[in-house]
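Take a look at the structure below.
Scope of the values below: all heavy atoms of this structure, side chains included, with no hydrogens, waters or symmetry mates. Everything numeric in this text was worked out from a predicted model, so none of it was measured.
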Amino acid sequence: TYVVVPQILIDLDAASFRSHQSESVYDEHSAVQTFDGWLAEALRRKVTDIHIEIRERVAAVRMRENGILVSLPAEESGKAGRAVAAAFTLLADSDTRNDPSFSFTEERNCIIERVIGEDTRRYRFESFPVLGGLDCIIRVLHLADPIKVMTLDELGYAASQIVVIKRAARRRVGLILVSGSTGSGKTTTLLTLMTLDPERDQKKFFALDDPTEYRMAGVSHISIRGSGSSAAGAAAREHAYTEAARMILRADPDAAMIGEVRGEDVGNVLTALVQTGHRCYSSLHTTSAIGSIPRLESSAIAIARQTSCARDFLSLLMYQVLLPRLCDCARPAAELLSPEYLQNIKDIFRVDDLSRVRAAKPGGCEKCRETGVGGQTVAAEVVAPTATLLRLLRDGQDAEADEYWRGLRVAGFGEADMTGKTAFEHGLWKVLQGQVDPRHLEREFQEFDDYAMTMPTMGFGNPSLGGAP
């Protein structure tokens with residue numbers, strides 16, 4: 001695969017930031033000021049990510065605010081390129097850079113700790129060439145000091161889910177696995193889970209990440225530093241990650257968080273940790289909680305089902321998505337959405353009361369900066385493995401396992417009990433409570449009509465529960 005890089009970026013790569021000695025103090029100062037301006041605006045807007053998209057003549061600047069990308073005024077491409085290069089070359093924590101010097105034609109990543117006003121915060125920096133230019137993505141992390149960990153309720157988990165999660169967190173051994181897509185808040189949830197042990201102050205906790213994004217008091221964090229952008233550098237990084245996981249196994253932990261299960265070697269270490277009597281927390285990229293089992297079995301990780309579905313191996317399977325939470329300026333859905341659209345929700349999910357359903361006000365308000373949303377909330381599924389579920393999964397009957405779990409549902413879609421409900425259905429409950437715009441739920445998952453075709457009939461014999469007839 002070849003990436004065509006515009007001449008302006010090649011020129012910048014050859015001339016700008018070739019050495020600190022060749023730059024004027026003014027140029028450095030100006031470039032850093034541009035970068036700091038982006039950070040200041042990100043903090044003002046409380047965004048999660050900054051996207052700098054440098055092309056031939058202009059650079060687009062976009063920020064992900066409550067899950068939605070909003071555009072800022074464009075920058076001249078040379079100015080944006082110098083700011084990105086300055087951030088990596090001058091501001092990065094040297095222990096986290098994957099290369100000593102910046103390049104417009106190769107991938108670069110690092111962690112930057114920066115003081116903006118009175119806010120001291122860490123940022124994860126990633127840049128890489130794309131067709132026609134360069135993309136730089138800056139993830140806004142946390143204050144440099146150990147963070148205040150959010151509660152499960154603050155994250156958006158339902159009361160019935162919290163009961164199940166806390167029960168699993170009290171187990172002395174076993175793996176709690178949180179799955180979801182990139183940017184779904186898995187790391188934040190993992191840190192919250194680690195606070196649930198009532199005897200945590202008397203135990204030794206380790207956490208491994210690549211790199212560490214959030215530091216928590218009372219936890220020994222191990223962060224993997226960069227080691228070059230070449231294939232050899234990437235291999236060295238994976239080796240360092242695996243060796244750090246092995247070190248944790250030898251370090252007499254009571255509990256360990258392995259930020260992500262990736263690769264067979266890390267899978268082997270995680271298996272050893274669980275099988276030698278430790279509580280473990282980790283994450284995967286999957287599209288459902290039960291989908292974690294085939295993912296663990298895949299050739300990339302290679303944890304056999306006989307292992308992952310053993311009685312004492314899994315404590316809990318979780319899957320989560322982040323949904324935009326409506327601002328207070330949202331209006332009753334009946335004022336903004338068609339009667340046909342709302343009737344479709346009633347018919348598919350057998351709910352009669354849509355009086356609380358709200359929709360984002362066009363143009364929003366000053367408080368939400370005209371976006372219509374005021375934060376994010378979790379939509380999740382929480383699966384406590386039972387003997388029957390583990391047997392089905394161990395035998396490779398994944399569809400039957402999913403249908404069995406969904407058949408455990410005891411409440412209608414308009415009721416708060418999330419037993420047997422998917423992340424979509426958790427999000428639907430939040431729609432019915434007026435927390436989430438129904439259109440945002442469809443955008444993050446799928447349209448209501450499409451979802452109706454995937455709803456199983458097993459266990460839904462009671463019409464009062466709603467669901468497929």
Point-to-point distance, once rounded to the nearest 0.5 Å, from [atom1] of [X] to [atom2] of [Y]:
X	Y	atom1	atom2	value
R279	L175	CZ	CG	11.5 Å
T189	L152	OG1	CG	7.5 Å
L39	D119	CG	CG	10.0 Å
T96	R122	OG1	CZ	7.5 Å
R358	C329	CZ	SG	8.5 Å
S308	I293	OG	CD1	4.0 Å

Please confirm whether the backbone N or O of [Y] pairs with a side-chain atom of [X], one donor and one acceptor, at under 3.5 Å?
X	Y	result
S181	S184	no
R325	Q435	no
E442	F448	yes
E297	R305	no
K430	G156	yes
E41	W38	no
S282	I258	yes
D437	A360	yes
S77	E56	yes
R55	R57	no

Would E107 and E126 satisfy side chain to side chain contact (heavy atoms under 4.5 Å, CB included), going step by step from the backbone distance to the final call? CA-CA 7 Å; E107 180 262 340; E126 297 271 353; 3.4 Å; yes
Please work out whether the ring planes of Y157 and H426 are parallel, tilted or perpendicular, with thresholds of 30° and 60°. tilted
Would you call the rings of F125 and F88 parallel, tilted or perpendicular, taking 30° and 60° as the class edges? tilted
Decide if atom [atom1] of [X] counts as having more than 12 heavy atoms of other residues, nucleotides or ligands within a radius under 6.0 Å.
X	atom1	value
Q446	CD	yes
D352	CG	no
E447	CD	no
K367	NZ	no
R443	CZ	yes

Would you say that [X] contacts [Y] through its side chain, given a criterion of any heavy-atom pair below 4.5 Å between the two side chains?
X	Y	result
D135	H51	no
R246	D265	yes
N344	E340	no
V219	L191	no
I54	C136	no
L177	L316	no
L155	Q320	no
V274	V173	no

Identify the heavy atoms of [X] and [Y] that sit nearest to each other, and give their distance.
X	Y	result
L389	A401	CD1-O, 3.4 Å
Y281	A255	CE1-CB, 4.1 Å
L134	P129	CD1-N, 3.8 Å
L317	A289	CD1-O, 3.8 Å
K186	L284	CD-O, 3.6 Å
D353	S355	OD1-OG, 2.6 Å

Verify side chain to side chain contact (heavy atoms under 4.5 Å, CB included) between H221 and D209, making sure each step is shown before the conclusion. CA-CA 8 Å; H221 289 276; D209 263 313; 5.6 Å; no
Only counting residues at least two apart or in another chain, list the ones meeting side chain to side chain contact (heavy atoms under 4.5 Å, CB included) with [X].
X	result
D402	I290, R406
V163	R167
T371	E65, V70, C368, V373
P332	E335

Show, in sequence, the C-alpha distance, side-chain angles and deciding distance for I138 and I112, and conclude whether the side chain to side chain contact (heavy atoms under 4.5 Å, CB included) test is met. CA-CA 9 Å; I138 303 158; I112 294 171; over 6 Å; no
Could you note down all residue pairs passing salt bridge (Lys or Arg N to Asp or Glu O under 4.0 Å) where residues 306-322 supplies at least one of them, sequence neighbours left out? R171-D312
Of all pairs that satisfy side-chain hydrogen bond (donor to acceptor under 3.5 Å, both in side chains), the ones with a partner from residues 383-395, not counting sequence neighbours: T386-Y404
For F424, which of F445, Y319, F413 qualifies under ring pair (Phe, Tyr, Trp, His ring centres under 6.0 Å)? F445
Mind running side chain to side chain contact (heavy atoms under 4.5 Å, CB included) on E425 and W429 for me, showing each step along the way? CA-CA 6 Å; E425 291 159 5; W429 180 76; over 6 Å; no
Test item: side-chain donor near acceptor, T419 and D417, under 3.5 Å: yes
Check whether the side chains of Y241 and E260 place a donor and an acceptor atom closer than 3.5 Å, and report yes or no. no
